[in-house]
Amino acid sequence: MKLSVIVPVYKAEKTLRQCVDSLLAQTLGDLEIILVNDGSPDGCEAILDDYARRYPAIVRTKTVSNGGQGRARNFGLEIARGDWLGFVDSDDWVQPEMYETLISAAEREGADIAVCDILRCFEDGSRDTLRAWREGSALAAAGSCCDKVFRRSLVSDLRFPEGLWYEDFAYSALALSRAGKLSRVPEPLYCYRIGHPSTMHNQNARKNLDLLAVLDLLRKPMRDAGRGDDYETLVLGHALLDAINRVQRQEGKEKFTVIKKIRDYVNQEIPDLSRCPAFRAESGKRRLVMWLNYHGLNRLSGTLLRLKGGAG
């Protein structure tokens, strides 16, 4: 079998059919769709049963007690049979040609992973494209597992951390640190629904500290593999820049304690920012925001980001 697509399902009865229908419409014919019901309390189980009944050759379902997306994906990995692996969130959907395009690019170029751009779809009907990588840094594509395909032989023993936010970031980062080559498809083939609760759009400041636990999981394997600079790139981009500015935009007094803990973590991992090769490799705009956050000036960096429209 060419491809296994794993979909963790929880409280998604309003969006689930659009998600699954987009997978059934794939131009790649040789695939299986693994739908893992993560103890969803709504009507998802009946929807999954309906798809399994109508498409028994393609759709496989499994119901487990609620344990989070990482655990649900791991159950899917245990039964997946494809040479390639893909992941989709149950409130998103994909373009019909996504998996044929990604796998064709990876096989043509001899790559272990292929990644595409993301089409961000907002509640008001507007859309924009999010580039999945920055030139010169393959690890910059580590944010999500859903805009990629992974060669099964590369990630056969990898599993998602359970009970943590940012579990897909951990999986993608470890996979990318192993990959010999990454194929990049500059087309927005993955459709990400903006406006639903998610790790990136939340008001729970303390759960952002899960990122530090994930970085702890990445540190040793990446440094052991000679990817220490790449590990520091992840610390800078995801903790010093993204997480601090995300929490800064939240409400509540707890955010200041969380920001300090994130900044202290970065100071510990990178004690001399100006001498860090990963920092020097960043663009001038990103370096400025990182420098401000590193020195506790995150309110100023947040103001600059609002004025200039993101770190770029």
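Just so you know, these numbers use all the heavy atoms, side chains as well, and skip hydrogens, waters and symmetry mates. Values in this document were obtained by computation on a predicted structure and should not be read as measured data.
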Item to complete: Look only at the side chain of Y294 and the backbone of I270, and say whether a donor-acceptor pair between them is shorter than 3.5 Å.
Response: yes

Taken to the nearest 0.5 Å, the spacing of N293 CG from L240 CG works out to 5.5 Å

* To do: State, with a plain yes or no, whether a side-chain heavy atom of V235 is found less than 4.5 Å away from one of L215.
  => yes

Review point. Is there a donor-acceptor pair closer than 3.5 Å between any side-chain N or O of K255 and the backbone N or O of Q248?
Key: yes

Rounded to the nearest 0.5 Å, the CG atom of L217 sits from the CE atom of M222 at a distance of 12.5 Å

Of I113, V5, L77, L3, the one forming a side-chain contact (heavy atoms from CB on, under 4.5 Å) with L85 is L77

Are R219 and D216 ion-paired here, with the side-chain N under 4.0 Å from a carboxylate O?
yes

### Task
Treating Ile, Leu, Val, Met, Phe, Trp and Tyr as nodes and any side-chain heavy-atom pair under 4.5 angstrom as an edge, say whether V266 and F256 lie in one connected cluster.
no

- Between the main-chain N or O of T101 and the side-chain N or O of S104, is there a donor-acceptor pair closer than 3.5 Å? no

In this structure, would M1 and L154 fall into the same cluster of hydrophobic residues linked by side-chain contacts under 4.5 Å? no

Report the C-alpha distance between D21 and Y51 in whole Å, list the side-chain angles of each, state the deciding distance to 0.1 Å, and finish with yes or no for side-chain hydrogen bond (donor to acceptor under 3.5 Å, both in side chains). CA-CA 9 Å; D21 287 346; Y51 277 107; 2.7 Å; yes

From the list Q95, E97, E100, side chain to side chain donor-acceptor pair (under 3.5 Å) with T27 holds only for E100

Heavy-atom distance under 4.5 Å between the side chains of C146 and D92, does that happen here?
no

Here the side chain to side chain donor-acceptor pair (under 3.5 Å) pairs for residues 55-64, sequence neighbours left out, are E32-R60

What's the verdict on side chain to side chain contact (heavy atoms under 4.5 Å, CB included) for M98 and L28, showing C-alpha distance, side-chain angles and the deciding distance?
CA-CA 9 Å; M98 173 170 166; L28 178 74; over 6 Å; no

Practice task
Answer yes or no: does atom CZ of R280 have more than 12 heavy-atom neighbours from other residues, nucleotides or ligands under 6.0 Å?
Solution key: yes

Rounded to the nearest 0.5 angstrom, the CG-OH distance for D91 and Y192 is 8.0 Å

Quick one: do D89 and R73 make a salt bridge, cutoff under 4.0 Å? yes

One should read off an interatomic distance between L209 CG and I259 CD1, to the nearest 0.5 angstrom, of 10.5 Å

Are the side chains of K148 and L176 in touch, meaning some heavy atoms are under 4.5 Å apart? yes

Closest non-hydrogen contact found for L31 with L23 is CD1-O, 4.1 Å

- Query: Which of parallel (below 30°), tilted (30 to 60°) and perpendicular (above 60°) describes Y171 and F87?
  - Reply: perpendicular

State whether the side chain of E232 and the backbone N or O of A278 hold a donor-acceptor pair below 3.5 Å, judged by distance alone.
no

**Item:** Flag side-chain contact, heavy atom, 4.5 Å: L16 against L48
**Value:** yes

Worksheet item: Is the closest basic N to carboxylate O distance between R159 and E78 below 4.0 Å?
Response: yes

Shortest non-hydrogen pair, L212 vs K261, comes out as CD1-O, 4.0 Å

Does the side chain of S144 reach to within under 4.5 Å of the side chain of Y190, using non-hydrogen atoms? no

Query raised in the report: Going by an N to O cut-off under 4.0 Å, is there a salt bridge joining K220 and D224?
Result: yes

Check: Would a hydrophobic clustering, with Ile, Leu, Val, Met, Phe, Trp and Tyr connected at side-chain separations under 4.5 Å, put L119 with V185?
Finding: no

Without swapping roles, check the side chain of R127 against the backbone of C191 for a donor-acceptor pair under 3.5 Å. no

query: When you look at Y10 and Q69, which way does the side-chain hydrogen bond (donor to acceptor under 3.5 Å, both in side chains) test go after all the steps?
result: CA-CA 8 Å; Y10 185 74; Q69 282 199 136; over 6 Å; no

Group every Ile, Leu, Val, Met, Phe, Trp and Tyr by side-chain heavy-atom contacts under 4.5 Å, then state whether L273 and L300 land in the same group.
-> yes

May I ask you to test the R263-K260 pair for a side-chain heavy-atom distance under 4.5 Å? yes

Taking every heavy atom of A25 against every heavy atom of P96, the minimum-distance pair comes out as O-CB, 3.7 Å

Using modelled atom types only, decide if a donor and an acceptor are shared between the side chain of R71 and the backbone of G163 within a distance under 3.5 Å.
-> no

For this session: In sequence, state the C-alpha distance, the side-chain angles, and the governing distance for E107 and W84, and then conclude on side chain to side chain contact (heavy atoms under 4.5 Å, CB included).
Result: CA-CA 11 Å; E107 292 183 339; W84 292 88; 3.3 Å; yes

* Quick one: do I244 and L241 end up in the same hydrophobic cluster if we chain Ile, Leu, Val, Met, Phe, Trp and Tyr together by side-chain heavy atoms under 4.5 Å apart? -> yes

Separation between CD (E167) and OG (S172), nearest 0.5 Å, reads 9.5 Å

Worksheet entry | Main-chain N/O of G68 paired with D38 side-chain donor or acceptor, under 3.5 Å | yes

The reported gap from SG in C19 to CD1 in I47 (rounded to nearest 0.5 angstrom) is 11.0 Å

Closest heavy-atom pair, L234 versus A173, reported as atoms and distance to 0.1 Å, is CD1-CB, 3.8 Å

* Within the distance-only criterion (no hydrogens, no angle test), does the side chain of N74 pair as donor or acceptor with the backbone N or O of F160 below 3.5 angstrom? -> yes

Heavy atoms of L189 and C116 approach each other most closely as CB-SG, 3.8 Å

Residues K11 and D42 bridged, charged N to O under 4.0 Å | no

Taking every heavy atom of L211 against every heavy atom of Y166, the minimum-distance pair comes out as N-CD1, 3.5 Å

L24 side chain near V59 side chain, heavy-atom distance below 4.5 Å = yes

Quick one: does any side-chain atom of S183 pair with a main-chain N or O of A114 as donor and acceptor, under 3.5 Å? no

* Could you walk me through whether L174 and L218 pass the side chain to side chain contact (heavy atoms under 4.5 Å, CB included) check? -> CA-CA 7 Å; L174 286 173; L218 297 176; 3.4 Å; yes

Notebook entry, point to check: Does some side-chain heavy atom of R193 sit less than 4.5 Å from a side-chain heavy atom of W93?
Noted result: yes

Side-chain donor or acceptor of S126 paired with backbone N/O of F122 under 3.5 Å: no

CA sep, side-chain torsions, deciding dist, call: L297, W291, side chain to side chain contact (heavy atoms under 4.5 Å, CB included): CA-CA 8 Å; L297 302 172; W291 188 93; 4.1 Å; yes

